[in-house]
Protein chains: 2
Amino acid sequence: MSREVLSTKKQFIFEEAAKLFRDKGYLATSMRELATKVGLEPSSLYSHIKSKEEILQKICLDNAEKFIEGIEAIDQEKQSPVEKIEALIGLHIKIATEDLTSVTVFNDEWRHLGEASLKEFLSLRRSYESRFRKIIETGIETKAFRAIDSNVALFSILTSLRWIHYWYKPGRKLDVTTLQTQIIDLLLHGLKKD
Amino acid sequence: MSREVLSTKKQFIFEEAAKLFRDKGYLATSMRELATKVGLEPSSLYSHIKSKEEILQKICLDNAEKFIEGIEAIDQEKQSPVEKIEALIGLHIKIATEDLTSVTVFNDEWRHLGEASLKEFLSLRRSYESRFRKIIETGIETKAFRAIDSNVALFSILTSLRWIHYWYKPGRKLDVTTLQTQIIDLLLHGLKKD
DNA sequence: GTCTATACGATGATAGAC
DNA sequence: GTCTATCATCGTATAGAC
């Protein structure tokens, strides 16, 4: 519902803003700069948006929703924990490579959300982490996974999936499928060859 | 050499600044706020420091140096790639848990460095990554490691070591040694039990 | 070294003409 | 919807008295 389609001009403003937020950070981006990129005077932006923060809110909450919807779909499948983790890694890679810009902002700038939307964001994040953690714990209980601390596993996996948006560029030597195979291999089997 | 000992008051300013930078980000931290924390009027800060950026510079470059010194010490030992990777994981955990605040700022705020110090910082980082990558590549060549893309391995490991500063709090249930064992186990052997 | 006072630019956002 | 003009506020930093 909140991920509505935007009129073309409004969408263009959001896209240019996301690029600026990604490159310089939310706080370091000024509305004057954004206006220049869009080809408007600063004040004209406010015919399309309510405030600077509205842009950040949409970016952060839309991405949070994508992850939540993704994990819900994966979790209701009748699959083993190993398969679910593989699917989750795939989900992160898919979201990151489909819209590199917005996921970078989502990852790095959420803390500048205002009080109300920050609260909502953190609640969504906690819910995502908690579902992810449960999948890991099930894997440990069924002896599919090593008996590792579930938080160590959770955060190691989550953050090791976060470098993708720093590193991946369309047209890199490694294509998305290979990248995915390699990351799954590394996280599931480790660096060391037995 | 640049990691000099500071007079107590100056040091106090740096410590309070680091806490603010960690909690709110560099740009969102004002000198007025810092002055309040330190118990001075804003202008009085400038009897101790040259500029706001000087603080960020010291934090970022000191930590960069710690990592460089650490990897140099590890790399000149006559050890196997596996042992070196274990030692590197230990280095990251040691630095992160010894001074959680400054390593967080180092990790998250370096991009707000000015032109000159940013250049220096990036050069140090590239040098660190390149030494790390060489260790991984040696491990792959000697068949100690899986034949994975060395960049995928490098960044997965590096970033999976970056969550520690988000998560670790002195007095957490997991002590540092256990944490280290678990992370080494996960990165070297993977999540899956064979 | 600390203070008061202040310079001076940049910020997000609004009012109102067209 | 876009503009010009502008507001109020806050940013880092400096000058100069004590």
Side-chain angles (χ1 to χ4, degrees), chain A residues 4-61 105 108-118, chain B residues 4-61 105 108-118:
Chain A
E4 57 189 322
V5 178
L6 304 174
S7 67
T8 54
K9 187 111 184 198
K10 187 166 182 178
Q11 183 163 21
F12 183 52
I13 293 174
F14 272 78
E15 283 166 3
E16 292 303 309
K19 284 192 228 164
L20 286 168
F21 294 172
R22 173 199 61 191
D23 292 337
K24 327 186 42 164
Y26 175 73
L27 287 176
T29 300
S30 74
M31 295 304 271
R32 287 167 168 75
E33 236 177 328
L34 175 56
T36 305
K37 289 276 179 197
V38 175
L40 285 175
E41 292 303 311
S43 64
S44 305
L45 293 171
Y46 293 90
S47 298
H48 303 275
I49 55 158
K50 212 179 97 280
S51 66
K52 184 184 178 185
E53 206 212 312
E54 186 199 325
I55 306 176
L56 185 62
Q57 270 173 36
K58 179 155 176 54
I59 295 171
C60 290
L61 295 177
V105 176
D108 297 346
E109 306 297 331
W110 57 266
R111 70 159 143 176
H112 300 112
L113 288 168
E115 206 175 350
S117 37
L118 181 60
Chain B
E4 58 190 321
V5 178
L6 304 174
S7 67
T8 54
K9 188 111 184 198
K10 187 167 181 178
Q11 182 160 22
F12 183 53
I13 292 173
F14 272 77
E15 283 165 3
E16 292 302 309
K19 282 191 228 165
L20 286 168
F21 293 172
R22 173 198 61 191
D23 292 338
K24 326 186 45 164
Y26 175 73
L27 287 177
T29 300
S30 75
M31 295 303 270
R32 298 183 208 273
E33 234 177 329
L34 175 56
T36 306
K37 288 276 179 198
V38 175
L40 285 175
E41 291 303 312
S43 64
S44 305
L45 293 171
Y46 293 90
S47 299
H48 302 276
I49 55 159
K50 210 179 101 282
S51 67
K52 184 185 178 185
E53 206 213 310
E54 186 199 325
I55 305 177
L56 185 61
Q57 271 175 35
K58 182 158 173 53
I59 294 172
C60 290
L61 295 177
V105 176
D108 297 346
E109 306 298 329
W110 57 266
R111 72 157 143 175
H112 299 112
L113 287 168
E115 206 177 349
S117 36
L118 181 60

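As the structure is a prediction and not an experimental result, all values here were calculated from the model. By convention in this document, chain letters (A, B, ...) are assigned in the order of the sequence lines, proteins followed by strands, and residues within each chain are numbered from 1.
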Atom pair distance, as rounded to whole Å: [atom1] in [X] and [atom2] in [N]:
| X | N | atom1 | atom2 | answer |
| --- | --- | --- | --- | --- |
| B/Tyr46 | D/dA15 | OH | P | 13 Å |
| A/Leu34 | D/dT2 | CG | P | 13 Å |
| A/Leu45 | C/dT14 | CG | P | 12 Å |
| A/Leu20 | C/dG12 | CG | P | 11 Å |
| A/Lys52 | C/dG12 | NZ | P | 4 Å |
| B/Glu33 | D/dC10 | CD | P | 12 Å |
| B/Ile55 | D/dT12 | CD1 | P | 10 Å |
| B/Ile13 | C/dG1 | CD1 | C1' | 11 Å |

Shortest side-chain distance from [X], nucleotide among [options]:
| X | options | value |
| --- | --- | --- |
| B/Leu40 | C/dG12, C/dA15, C/dT2 | C/dT2 |
| B/Ser43 | C/dT14, D/dT14, D/dT12 | D/dT14 |
| B/His48 | C/dG1, D/dT12, C/dG12 | C/dG1 |
| B/Glu41 | C/dC3, D/dT12, C/dA13 | C/dC3 |

(message) Tell me if a side-chain donor or acceptor on B/Glu53 pairs with a main-chain N or O of B/Gly114 at a distance below 3.5 Å.
(response) yes

(request) Spell out, as yes or no, whether a donor-acceptor pair under 3.5 Å connects the side chain of A/Glu54 to the backbone of A/Ile49. (result) no

Is the phosphate of [N] approached by [X] (side-chain N or O, under 4.0 Å from OP1 or OP2)?
| X | N | result |
| --- | --- | --- |
| B/Lys9 | C/dT2 | yes |
| A/Ser44 | D/dG1 | no |
| B/Arg32 | D/dG11 | yes |
| A/Ser30 | C/dA10 | no |

(message) Students often get this wrong, so: under 4.0 angstrom with heavy atoms, is B/Ser51 touching a base, only sugar-phosphate, or nothing?
(response) sugar-phosphate

(request) Mind checking A/Ser47 for me? I need base, sugar-phosphate or nothing, with any heavy atom below 4.0 Å counting as a touch. (result) base

(message) As an exercise, state the distance from OG of B/Ser47 to NZ of B/Lys10, rounded to the nearest 0.5 Å.
(response) 11.5 Å

(request) Nearest 0.5 Å please: distance from the OH atom of A/Tyr26 over to the NZ atom of A/Lys52. (result) 5.0 Å

(request) Between B/Pro42 and A/Leu27, just flag the one whose closest nucleotide in DNA chain C comes earlier from the 5' side. (result) B/Pro42

(message) With heavy-atom distances below 4.5 Å as the criterion, would you say the side chains of A/Lys37 and A/Lys19 are in contact?
(response) no

